[in-house]
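The figures that follow rest on heavy atoms only: side chains count, while hydrogens, waters and symmetry mates do not.
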Amino acid sequence: MNLDHIDLRILAELAENAKTTFAELGRKLGIHPNVVAYRVNRMRRGGIIKGYATILDLEKMGVGEQMLIGINFPANSDREEIINRMGSIPEIVEIVSSFGSPEGLILLVGRNKSDIERAISKIKGMNISIDYAAPIIWIRRDGMMGKFLNQLASELEPPSRLRMEHHPKDYPELRGLKILESVSK
């Protein structure tokens, strides 16, 4: 699926706030809400939008331990199978597989050091070697993906004289559908 600058702007906004309504997105981007809905649904069907997540403040929840672990998989092993098995360890909240060294990064969370140590023990039990383990001081994610997507969008954006209005009449697939609501100016 090819994405244009409008799709990328929509994704940038959703990356910042997945609860944004089509009407709010339309107002912000100067696009009719039906066009936003059409594009979001097309990206959802195409697998670009895989889901929506809630961002949690783990410290406020009493989950004060976070650890980044560099791992190496056993030689001649089925990496995908091992990653699937690691997914059963509740303290593992993110797994990154790579070609470098270490071959993978794992983000562990726990209420205390015992939770982390128990998870590390389970990982070692899978014959996975641990290259390093570093306590995390802070992870910043807010706004980072949106900035990247907006940068991509600006690179694809046509000159202003070539821009179209992005009204439902410009989308044959939307003809005959009920208009959600109009964009107030």
| salt_bridge(Asp78, Arg85) N-O dist < 4.0 Å | no
| query | Does a sphere of radius 6.0 Å around CD in Glu81 hold more than 12 heavy atoms from other residues, nucleotides or ligands, not counting ones at 6.0 Å or beyond? | reply | yes
| Once you round to the nearest 0.5 Å, how far does OH of Tyr38 lie from CE of Met43? | 10.5 Å
| task | Check for a donor-acceptor pair, side chain of Glu103 on one end and backbone N or O of Phe73 on the other, with a separation under 3.5 Å. | result | yes
| task | Any chance you could measure Ile123, atom CD1, to Ile92, atom CD1, to the nearest 0.5 Å? | result | 4.0 Å
| task | Hey, could you give me the CD/CG distance between Glu13 and Asn150, rounded to the nearest 0.5 Å? | result | 6.5 Å
| query | Any donor and acceptor pair, going by atom type alone, linking the side chain of Ser98 with main-chain N or O of Pro102 inside 3.5 Å? | reply | yes
| field | Distance, nearest 0.5 Å, that separates CD1 of Ile69 from CD1 of Ile95 | value | 11.0 Å
| said: Applying a strict under-4.5 Å side-chain criterion to I, L, V, M, F, W and Y, I'd like to know whether Ile48 and Leu25 cluster together. | reply: yes
| Joint hydrophobic cluster, Met144 plus Val96, side-chain heavy atoms closer than 4.5 Å | no
| Are Ile139 and Leu108 connected in a single hydrophobic cluster, I mean Ile/Leu/Val/Met/Phe/Trp/Tyr linked by side-chain heavy atoms less than 4.5 Å apart? | no
| said: Please tell me whether Ile55 and Ile49 are part of a single hydrophobic cluster in this structure, the criterion being side-chain heavy atoms less than 4.5 Å apart. | reply: no
| field | Heavy-atom closest pair, residues Asn2 and Asp7 | value | O-OD2, 4.1 Å
| query | What's the spacing between Leu8 CG and Gln151 CD if we round to 0.5 Å? | reply | 11.0 Å
| field | Expected output: side-chain Asn112 to main-chain Asp115 donor-acceptor under 3.5 Å | value | yes
| note | Nearest heavy-atom contact between Ala153 and His5 is O-CB, 3.3 Å
| Taking the side chain as C-beta and beyond, is there a heavy-atom pair between Leu14 and Val40 under 4.5 Å? | yes
| task | Give the minimum heavy-atom separation between Gly70 and Leu105, together with the two atoms involved. | result | CA-CD2, 4.0 Å
| message | With heavy-atom distances below 4.5 Å as the criterion, would you say the side chains of Val35 and Ile6 are in contact? | response | no
| said: If you count every heavy atom of other residues, nucleotides or ligands that lies below 6.0 Å from Arg44 atom CZ, does the total exceed 12? | reply: yes
| task | Quick one: closest heavy-atom pair of Gly146 and Ala12, and the distance? | result | O-CB, 3.6 Å
| task | Taking the side chain as every heavy atom from C-beta outward, state whether Met126 and Ile71 have any atom pair closer than 4.5 Å. | result | no
| note | Here the pair of heavy atoms bringing Ser77 nearest to Pro74 is OG-O, 2.6 Å
| note | In this structure, CD of Glu16 is separated from NZ of Lys147 (nearest 0.5 Å) by 8.5 Å
| message | Test of understanding: clusters of I, L, V, M, F, W, Y form through side-chain heavy atoms closer than 4.5 Å, transitively. Do Val109 and Ile83 belong to the same one? | response | no
| field | Sequence-distant partners of Lys124, salt bridge (Lys or Arg N to Asp or Glu O under 4.0 Å), two or more places apart | value | none
Between side-chain atoms of residues 58-68 and protein atoms elsewhere (two or more places apart, or another chain), which donor-acceptor pairs fall under 3.5 Å?
none

| query | Side chains of Ile82 and Ile128: does their closest heavy-atom pair fall under 4.5 Å? | reply | yes
| query | Can you find a pair of side-chain heavy atoms, one from Arg42 and one from Met1, that are under 4.5 Å apart? | reply | yes
